[in-house]
Structures are given as C-alpha cells and as structure tokens.
Visitor: 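Let me give you the structure first, and then I'll get to my questions.
For the numbers below, each heavy atom of this structure counts, side chains included, while hydrogens, waters and symmetry mates do not.
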Amino acid sequence: MIDVALGLSESQNTGDKVSSLRDQNRIKVIQDYFRLSDQGRQEILELFHEDADIYFPKFGIGVGRQSLLEMWKGFEGSLEFNQHDYDTMTFIPSADYVVVEGTSHGKLSGKTWTGGDTPGGRFCNVFRFRDDRISSLHIYLDPDYTGEDDARFRWGQKRRW
C-alpha cells in the first residue's frame with residue numbers, strides 16, 4: 001500500500017480527492033526514480049532537470065543531473081545491492097515538493113541492513129519539481145547503513161529501529 005498525503009492510501013476510494021493529478025504524476029516520477037535507482041540504470045537521469053541539485057550526507061550538494069552518478073560512484077566496490085521498500089513508502093505532496101519517507105534493505109561490504117530492523121535503512125527524501133521533472137533531490141539518512149560506527153551509538157544498539 002502506498003500512503004499519500006495524510007496517510008490515506010492512493011488505492012483507497014474515500015470519495016474525496018486524495019491528491020491532484022499533478023501530485024499523482026509527480027509520485028509516479030518518484031516511484032520510477034526509486035526503481036531505476038535500485039537497478040542502477042542511467043535512464044534515471046531523464047527524470048531530472050539538467051541543472052538539478054542533489055544532496056546526500058557526506059557527499060554534500062552536487063549540481064547537475066550527472067552529480068547523481070558521481071554520488072553513486074562513492075558506493076562502487078562496497079554496495080552489493082540496495083532495494084527500497086516500495087509498498088510502504090509515504091508520499092507527502094505540497095506545492096512543488098514531495099516528501100517521501102520509507103525504508104530500504106541491502107548489503108554493503110558483506111553486511112546486510114533492513115530498515116526498521118537494523119539501525120540503518122530509514123530515509124526521508126525531499127523532491128522539488130519544476131514542471132514534470134525533478135529539480136532538486138535532498139536525501140536524508142544515516143549513511144552508516146550497517147551500524148559500524150559504534151562510537152556514535154550514544155544510547156546503545158539494543159533499541160527499536
């Protein structure tokens with residue numbers, strides 16, 4: 001189930017319009033983004049404006065759609081796979097923005113993570129649109145996917161994730 005706006009499912013027929021057609025189209029672009037990202041496909045670049053800005057923790061801000069590929073390169077040789085959990089994402093559209101909260105699972109340098117079960121794997125992305133393309137993507141997550149940074153677990157690792 002995909003949550004849209006105030007937690008209502010896009011598939012629920014409540015009689016009320018959950019989101020505008022523009023919002024639905026943007027959510028479709030974002031769903032394409034996640035699928036293409038998980039597959040590592042360069043067609044993803046077509047979803048972005050040429051001058052889009054991309055933010056990722058420890059990467060900083062890159063300008064231009066090619067910066068997405070530059071960011072991906074930081075994972076070469078260590079990221080074995082990453083899979084976003086499409087069915088449990090929450091989409092919150094507002095004006096030119098869509099905020100997406102969700103989880104992912106994957107394997108990095110031989111260690112696995114599962115958002116909701118391990119410290120890593122929860123994310124919040126803020127997409128800004130110009131027309132029907134992404135003009136800005138800011139990704140907020142802990143890049144320590146596999147919980148190796150023991151010193152910063154100030155409350156311990158035996159917690160609910």
Visitor: Tell me every residue that passes side chain to side chain contact (heavy atoms under 4.5 Å, CB included) with Arg154, counting only those two or more places apart in sequence or in another chain.
Guide: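 Testing Arg154 for side chain to side chain contact (heavy atoms under 4.5 Å, CB included), a comparison that skips the adjacent residues, returns Arg152.
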Visitor: Could you identify which residues cluster with Trp161, counting Ile, Leu, Val, Met, Phe, Trp and Tyr as linked when any side-chain heavy atoms lie under 4.5 Å apart, either directly or through a chain of such contacts?
Guide: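 Noted: Trp161 shares its cluster with Phe153.
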Visitor: Ignoring hydrogens and angles, state whether a donor on the side chain of Tyr145 or Glu148 is under 3.5 Å from an acceptor on the partner side chain.
Guide: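 No, no side-chain donor-acceptor contact under 3.5 Å.
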Visitor: Residues in ring-ring contact (aromatic ring centres under 6.0 Å, His included) with Tyr97, at least two apart?
Guide: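 Testing Tyr97 for ring-ring contact (aromatic ring centres under 6.0 Å, His included), a comparison that skips the adjacent residues, returns none.
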Visitor: Give me the ring orientation class for Tyr55 and Tyr140: parallel if the planes are under 30° apart, tilted from 30 to 60°, perpendicular past 60°.
Guide: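 Tilted.
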Visitor: Taking salt bridge (Lys or Arg N to Asp or Glu O under 4.0 Å) as the cut-off, I'd like each qualifying pair that reaches into residues 69-83, sequence neighbours left out, listed once.
Guide: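 Residue pairs with at least one partner in residues 69-83: Glu80-Lys107.
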Visitor: Indicate the ring-plane relationship of Phe48 and Tyr33, choosing parallel, tilted or perpendicular according to the 30° and 60° boundaries.
Guide: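 Answer is perpendicular, since the angle exceeds 60°.
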Visitor: Quick test of your reading: applying salt bridge (Lys or Arg N to Asp or Glu O under 4.0 Å), list the pairs with at least one residue in residues 130-140, sequence neighbours left out, ordered by first then second residue.
Guide: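 Those involving residues 130-140 are Glu46-Arg133, Asp51-Arg130.
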Visitor: Considering only heavy atoms from C-beta outward, does the side chain of Gln66 approach that of Leu45 to under 4.5 Å?
Guide: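 In short, these two side chains touch, coming nearer than 4.5 Å.
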Visitor: Please list, chain by chain and in numerical order, all residues satisfying ring-ring contact (aromatic ring centres under 6.0 Å, His included) with Phe75, sequence neighbours excluded.
Guide: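 Listed in chain order: Phe56.
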Visitor: With rounding to the nearest 0.5 angstrom, report the CZ to CG distance, Phe127 to Leu47.
Guide: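 If we round to the nearest 0.5 Å, Phe127:CZ and Leu47:CG are 9.5 Å apart.
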Visitor: Is the backbone N or O of Ala95 less than 3.5 Å from a side-chain atom of Arg22, with the two atoms forming a donor-acceptor pair by type?
Guide: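 Yes, Arg22 side chain to Ala95 backbone: donor-acceptor pair under 3.5 Å.
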Visitor: Is there any salt bridge (Lys or Arg N to Asp or Glu O under 4.0 Å) pair reaching into residues 54-64, and which pairs are they, with sequence neighbours excluded?
Guide: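 Salt bridge (Lys or Arg N to Asp or Glu O under 4.0 Å) check on residues 54-64 returns no pairs.
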Visitor: Can you name the residues that form a salt bridge (charged side-chain N to carboxylate O under 4.0 Å, His left out) with Asp32, not counting sequence neighbours?
Guide: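 Partners of Asp32 by the salt bridge (charged side-chain N to carboxylate O under 4.0 Å, His left out) criterion, ordered by chain and then number, come out as Lys28.
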Visitor: Measure the spacing between CZ of Phe59 and OG of Ser67 and express it to the nearest 0.5 Å.
Guide: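 Separation between the atoms: 5.0 Å.
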Visitor: Distance-only, no hydrogens or angles: does the Asp149 side chain make a donor-acceptor pair with backbone N or O of Asp144 under 3.5 Å?
Guide: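 Side chain of Asp149 to backbone of Asp144, a donor-acceptor pair under 3.5 Å: no, none is there.
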Visitor: Output all residues satisfying side chain to side chain contact (heavy atoms under 4.5 Å, CB included) with Thr103, sequence neighbours left out; order by chain, then residue number.
Guide: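 Checked Thr103 against side chain to side chain contact (heavy atoms under 4.5 Å, CB included); matches are Asp85, Thr88, Arg122.
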Visitor: Which residues pass the salt bridge (charged side-chain N to carboxylate O under 4.0 Å, His left out) test with Asp53, sequence neighbours left out?
Guide: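 Asp53: salt bridge (charged side-chain N to carboxylate O under 4.0 Å, His left out) contacts with Arg128.
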Visitor: Can you pull out every salt bridge (Lys or Arg N to Asp or Glu O under 4.0 Å) where at least one residue sits in residues 93-103? Sequence neighbours excluded, please.
Guide: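 Salt bridge (Lys or Arg N to Asp or Glu O under 4.0 Å) check on residues 93-103 returns Arg26-Asp96.
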Visitor: With sequence neighbours excluded, what pairs up with His49 under the ring-ring contact (aromatic ring centres under 6.0 Å, His included) test?
Guide: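 His49 satisfies ring-ring contact (aromatic ring centres under 6.0 Å, His included) with no residue once adjacent residues are dropped.
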